[in-house]
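Right, one structure below, let's go through it.
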Amino acid sequence: ADAYVFNRQASSNLILGTSNAEAMRITSSGSVGIGTAAPATKLHVQTATNGGIVVNDGTVNGLIYGSTTLTNSLAIGTTTNHPLVFGTNNTFPQMMLATSGNVGIGTSSPAAKLDVSVAGGMARVGGGSGNNVFQTYSGSVGAGIWAGGQTRLYSTGDMTLSVGATLTTSAPTGYTDALTITSSGNVGIGTSSPDAVLNLDHPTDTRLRFNGGSTGASYGIDWAFTSS
């Protein structure tokens, strides 16, 4: 049979405690307060320093708590070696914080600090007009994309376009530098240190070609450079 504990007095609270001190109360409106006599929500947990709610299934230990030691913040996470998973509409995981600290969106095994895998879609980064929408940097060296009246790709120093790279989770490998723009504005094709406004360098082909024409025809001029 069911057992009941009631306070039948109208507009009164039900208070539970130990050692002659209040530990928990259920207000007349049905809110539960632990560590507080005035719960502001259906469940209100309050401690003088660090404290919160622990959820445990026997293996995974989850924690939600307010922390004074973490710059007065709300901490959500696990205290065991398990990832933190987010989802909606009963679909998990849609986003995952792995035990390595990597964040995965659309993947449960993120291989980088931010790993976005979107099948049949895209990842989008945006902001208000005139704002940076993406930056990558190491120390004082970096690059970014700026969106305003025009889209601008920029760097703090020289900028190089490379091709044929092998994807890795750290520095790319196997690439060939195809075009370099120096901080002084010189452009190098086939060289990473152009010493003129436009510097072309190729070990076998030193032609500069201009093409134009209509369908089925091609017209152009080849400029060949030879040593003198």
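For the single chain, residues carry numbers from 1 onward in sequence order. No hydrogens, no waters, no symmetry mates; every other heavy atom, side chains included, goes into these values.
Contact check for Asn13 versus Asn7: no side-chain heavy atoms found under the 4.5 Å cut-off. Side chains of Pro93 and Ser108 form a contact here, defined as non-hydrogen atoms less than 4.5 Å apart. A heavy-atom distance below 4.5 Å is not found between the side chains of Arg25 and Leu14. Within the 4.5 Å cutoff, side-chain heavy atoms of Tyr154 are placed close to those of Gln135. Two residues are said to be in side-chain contact when any heavy atoms from C-beta on lie closer than 4.5 Å; Val54 and Asn61 meet this criterion. Contact annotation: the side chain of Thr78 never approaches that of Pro83 to less than 4.5 Å [non-hydrogen atoms, C-beta and beyond]. In this structure, the side chains of Thr59 and His82 come closer than 4.5 Å at one or more pairs of heavy atoms. For the pair Pro194/Val187, no side-chain contact is recorded, criterion being any heavy-atom separation below 4.5 Å from C-beta on.
Thr180 and Thr160 form a side-chain donor-acceptor contact under 3.5 Å, judged by distance and modelled atom types alone. Looking only at atom types and distance, the side chain of Ser184 has a donor-acceptor partner in the side chain of Thr182 under 3.5 Å away.
The closest donor-acceptor contact from the side chain of Ser31 to the backbone of Thr41 lies under 3.5 Å. For Asn102 (side chain) and Ala98 (main-chain N/O), no donor-acceptor pair under 3.5 Å exists by modelled atom type. Proximity of a side-chain donor or acceptor of Ser19 to a complementary backbone N or O of Ala21 within less than 3.5 Å is not detected. Remark: side-chain polar atoms of Asn89 are not paired, donor with acceptor, to backbone N or O of Thr91 under 3.5 angstrom.
Taking hydrophobic clusters as Ile, Leu, Val, Met, Phe, Trp and Tyr residues chained together by side-chain heavy-atom distances below 4.5 Å, Val60 does not share a cluster with Ile53. Leu43 and Leu16 end up in the same hydrophobic cluster when Ile, Leu, Val, Met, Phe, Trp and Tyr side chains are linked at under 4.5 Å. One hydrophobic cluster, built from ILVMFWY side chains closer than 4.5 Å, holds both Leu161 and Ile189. Hydrophobic cluster membership differs between Val55 and Phe86, with clusters built from Ile, Leu, Val, Met, Phe, Trp and Tyr side chains linked at under 4.5 angstrom. Hydrophobic clustering places Leu114 together with Met95 (ILVMFWY residues linked when any side-chain heavy atoms are closer than 4.5 Å, directly or through intermediates).
In the hydrophobic clustering (ILVMFWY side chains linked at under 4.5 Å, chained through shared members), Phe6 is joined by Tyr4.
Distance CG/Leu84 to CE/Met96: 9.0 Å, rounded to 0.5 Å. The CD1 atom of Ile181 sits 8.5 Å away from the OG atom of Ser155 when rounded to the nearest 0.5 Å. Once rounded to the nearest 0.5 Å, the distance linking CD1 of Ile76 with CD1 of Ile64 reads 5.5 Å. Note that the OG1 atom of Thr27 and the NZ atom of Lys42 stand 7.0 Å from one another [nearest 0.5 Å]. Taking CG of Leu198 as the reference point, atom CG of Asn186 lies at 9.0 Å (rounded to 0.5 Å). Interatomic distance, Ile26 CD1 to Ser12 OG, rounded to the nearest 0.5 Å: 13.5 Å.
Taking a 6.0 Å sphere around CG of Leu74, one finds it holds more than 12 heavy atoms contributed by other residues, nucleotides or ligands. For CZ of Phe92, the number of neighbouring non-hydrogen atoms (other residues, nucleotides, ligands) closer than 6.0 Å is greater than 12. No more than 12 heavy atoms of other residues, nucleotides or ligands lie within 6.0 Å of CG in Asn81, so this atom counts as exposed by the packing criterion.
Closest non-hydrogen pair, Ser183 versus Gly157, comes out as CB-C, 4.3 Å. Contact record, Tyr175 with Ala165: CB-CB, 3.7 Å, taken as the closest heavy-atom pair.
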(Q) One pair to check against side-chain hydrogen bond (donor to acceptor under 3.5 Å, both in side chains): Asp177 and Ser162. What are the steps and the verdict? (A) CA-CA 4 Å; Asp177 292 343; Ser162 304; 2.7 Å; yes
